[in-house]
Novice: 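Attaching a single structure in structure tokens format; questions to follow.
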Amino acid sequence: QEELEFTMNAQSCRITGQTFHLDLPWDMVHKTEHWQDYYLLFTTKYQAHAIRTSVLSPGQEQALAALLDRVKPGWRKT
């Protein structure tokens, strides 16, 4: 199983690993959900990138939610 690193800012979500690299602009994320133990970033109706909450510190999870509030307003209502 490959370990991935997520780096996020106001422009994009960057996902990198040993064999994987993706620069995902926020406008390409169609839907964002917090579901059980994951944040899901949907790029299509059926495909999403998952961020496990257990790997986030409380501060990181708060920062992620605040960033999503800025770049995907209304995401909490979905």
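Index from 1, following the sequence.
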Novice: For residues 8-29, run the donor-acceptor check on the side chains, cut-off 3.5 Å, and write out each pair with its distance to 0.1 Å, sequence neighbours left out.
Specialist:
unit_1 : atom_1 : unit_2 : atom_2 : d
N9     : OD1    : Q11    : N      : 2.8
N9     : OD1    : S12    : N      : 3.0
R14    : NE     : D23    : OD1    : 2.6
R14    : NH2    : D23    : OD1    : 3.3
T19    : OG1    : E2     : OE1    : 2.5
T19    : OG1    : E2     : OE2    : 3.3
H21    : NE2    : D23    : OD2    : 3.3
W26    : NE1    : N9     : O      : 2.7

Novice: When rounded to the nearest 0.5 angstrom, what distance separates NZ in K45 from NZ in K31?
Specialist: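 Going from NZ on K45 over to NZ on K31, the span is 9.0 Å.
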Novice: For Q47, give me all partners under side-chain contact (heavy atoms from CB on, under 4.5 Å), at least two apart in sequence or on another chain.
Specialist: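 T43, T44.
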Novice: Pairs in or reaching into residues 59-69: which pass salt bridge (Lys or Arg N to Asp or Glu O under 4.0 Å), with residues at least two apart or in two chains?
Specialist: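 Sorted result for residues 59-69: D69-R76.
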Novice: Rounded to the nearest 0.5 Å, how far does CH2 of W75 lie from OH of Y39?
Specialist: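 Those atoms lie 5.0 Å apart.
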Novice: Linking directly or through intermediates, with side-chain heavy atoms under 4.5 Å: list the remaining ILVMFWY members grouped with L40, chain and number order.
Specialist: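 Its cluster partners, ordered by chain and number, are W35, Y38, F42.
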Novice: My understanding is that only residues two or more places apart in sequence, or in another chain, count here; which of them pass ring pair (Phe, Tyr, Trp, His ring centres under 6.0 Å) with H49?
Specialist: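 Applying ring pair (Phe, Tyr, Trp, His ring centres under 6.0 Å) to H49 gives none.
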Novice: Tell me whether Q62 contacts the main-chain N or O of G59 through its side chain, where contact means a donor paired with an acceptor under 3.5 Å.
Specialist: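 Answer holds: no.
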Novice: Within the distance-only criterion (no hydrogens, no angle test), does the side chain of T53 pair as donor or acceptor with the backbone N or O of D37 below 3.5 angstrom?
Specialist: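 Yes; at least one donor-acceptor contact below 3.5 Å.
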